[in-house]
Amino acid sequence: MGVQAHHSEKDELLELLWHLDESHDLSIDSLRAHDRNGVFEAALKDFSSNGVLRFDGAAIELTREGRTAAANIVRRHRLAERLMVDVLGKEPEETEQAACEFEHILAPELVESICILLGHPHTCPHGSPIPEGECCKNARNTVESLIMTLADMKEGQTAKVAALNTTSESRLHKLLAMGIAPGAMIKLHQ
């Protein structure tokens, strides 16, 4: 191998190739426009010899193996964003850096658990599609989300509070004063 990219650099390249493919602009020229240091372009030969992609002149094509690897990275990233927004109450624009770090460290079983926890979301907070995982395929007709909003509960239903998602500090204090906190059991009366 000529140039060996670090594992995270390869992940970043796969993610970039996925994004370029999503925007129908998967080419050497597009890659160069996003690759300020030439690291990604140098890794193309390594990826080509490993069967991750094919390139001929200006065109780049992810192989089945490459698409699977890229989809897994993008899935981890977008699910991490979804988790931060839906459960931790962050704003979408606050999630990018943390999601970039998450995508490199999340184990496959943890990714699946997060997806199940979130109810198999179809898009990230920015509206981009989340690549479907095995848990999504298996759950289409068999599993309901483990988390629901208070608005989705029915009168008389009991549930355990998983998270409080509010940007209002006074509303948060009021909920906490009533004993409504993560882990608390509640029953919807009205």
Next on the checklist: Let me check something: do Trp18 and Leu20 share a hydrophobic cluster, defined by ILVMFWY side-chain heavy atoms less than 4.5 Å apart, either directly or through other members?
Outcome noted: no
Item to check | Residue among Arg76, Gln97, Met84, His77 satisfying side chain to side chain contact (heavy atoms under 4.5 Å, CB included) with Phe102 | outcome: Met84
Next on the checklist: Between Thr63 (side chain only) and Gly51 (backbone N and O only), is there a donor and an acceptor less than 3.5 Å apart?
Outcome noted: yes
Checklist entry - Do you know which two heavy atoms are closest between Glu91 and Val85, and how far apart they sit? => result C-CG2, 4.2 Å
Next on the checklist: Under 4.0 Å between a side-chain nitrogen and a carboxylate oxygen: does that hold for Lys137 and Glu134?
Outcome noted: yes
Item to check | Atom CD of Glu93: over 12 foreign heavy atoms under 6.0 Å | outcome: yes
Checklist entry - Can you check side-chain contact (heavy atoms from CB on, under 4.5 Å) on Leu175 and Val161, steps first, answer last? => result CA-CA 11 Å; Leu175 290 168; Val161 176; over 6 Å; no
Item to check | Minimum heavy-atom distance Cys115-Pro121, with the two atoms named | outcome: O-CD, 3.9 Å
Checklist entry - NZ/Lys90 to CG/Leu83 distance, rounded to the nearest 0.5 angstrom? => result 12.0 Å
Checklist entry - If Ile, Leu, Val, Met, Phe, Trp and Tyr residues are connected whenever their side-chain heavy atoms lie under 4.5 Å apart, and connections chain through other members, are Met178 and Ile186 in the same group? => result yes
Checklist entry - Do Val52 and Leu13 sit in the same hydrophobic cluster, where Ile, Leu, Val, Met, Phe, Trp and Tyr count as joined when their side-chain heavy atoms come under 4.5 Å apart? => result yes
Item to check | Criterion side-chain contact (heavy atoms from CB on, under 4.5 Å) on Thr95 and Arg82, from CA distance to verdict | outcome: CA-CA 9 Å; Thr95 64; Arg82 194 83 267 165; over 6 Å; no
Next on the checklist: Could you work out, with salt bridge (Lys or Arg N to Asp or Glu O under 4.0 Å) as the rule, every residue matching Arg171, not counting sequence neighbours?
Outcome noted: none
Checklist entry - What closest approach, in Å, do Leu79 and Leu118 show between heavy atoms, and which atom pair accounts for it? => result O-CD1, 3.9 Å
Checklist entry - So, does Ser30 use its side chain to make a donor-acceptor pair with the main chain of Asp25 at under 3.5 Å? => result yes
Item to check | Spacing of CG belonging to Leu117 relative to SG belonging to Cys135, to within rounding of 0.5 Å | outcome: 11.0 Å
Checklist entry - For His126, does the NE2 atom have more than 12 heavy-atom neighbours from other residues, nucleotides or ligands under 6.0 Å away? => result yes
Item to check | Set of residues satisfying salt bridge (Lys or Arg N to Asp or Glu O under 4.0 Å) with respect to Asp152, sequence neighbours excluded | outcome: none
Item to check | Main-chain N/O of His19 paired to Ser23 side chain as donor or acceptor, under 3.5 Å | outcome: yes
Checklist entry - Rounded to the nearest 0.5 Å, what separation is found between the NZ atom of Lys174 and the CD atom of Glu169? => result 14.5 Å
Item to check | Note, Glu12 side chain near Glu103 side chain (heavy atom, < 4.5 Å) | outcome: yes
Item to check | From Leu16 atom CG to Asp11 atom CG, the distance as rounded to the nearest 0.5 Å | outcome: 12.5 Å
Checklist entry - Taking only residues two or more places apart in sequence or in another chain, which ones pass salt bridge (Lys or Arg N to Asp or Glu O under 4.0 Å) with Glu61? => result Arg54
Checklist entry - Counting only N and O atoms by type, is there a donor-acceptor contact under 3.5 Å from the side chain of Asn72 to the main-chain atoms of Thr68? => result yes
Item to check | N-O pairing of Arg78 and Glu22 below 4.0 Å | outcome: yes
Checklist entry - Among Glu81, His122, His120, Arg75, which residue meets the side chain to side chain contact (heavy atoms under 4.5 Å, CB included) test with Ile130? => result Arg75
Checklist entry - Any side-chain heavy atom of Leu53 sitting closer than 4.5 Å to one from Glu65? => result no
Checklist entry - If Ile, Leu, Val, Met, Phe, Trp and Tyr residues are connected whenever their side-chain heavy atoms lie under 4.5 Å apart, and connections chain through other members, are Leu62 and Val74 in the same group? => result no
Next on the checklist: Can you give me the closest heavy-atom contact between Leu14 and Ala70, atom names plus distance?
Outcome noted: O-CB, 3.6 Å
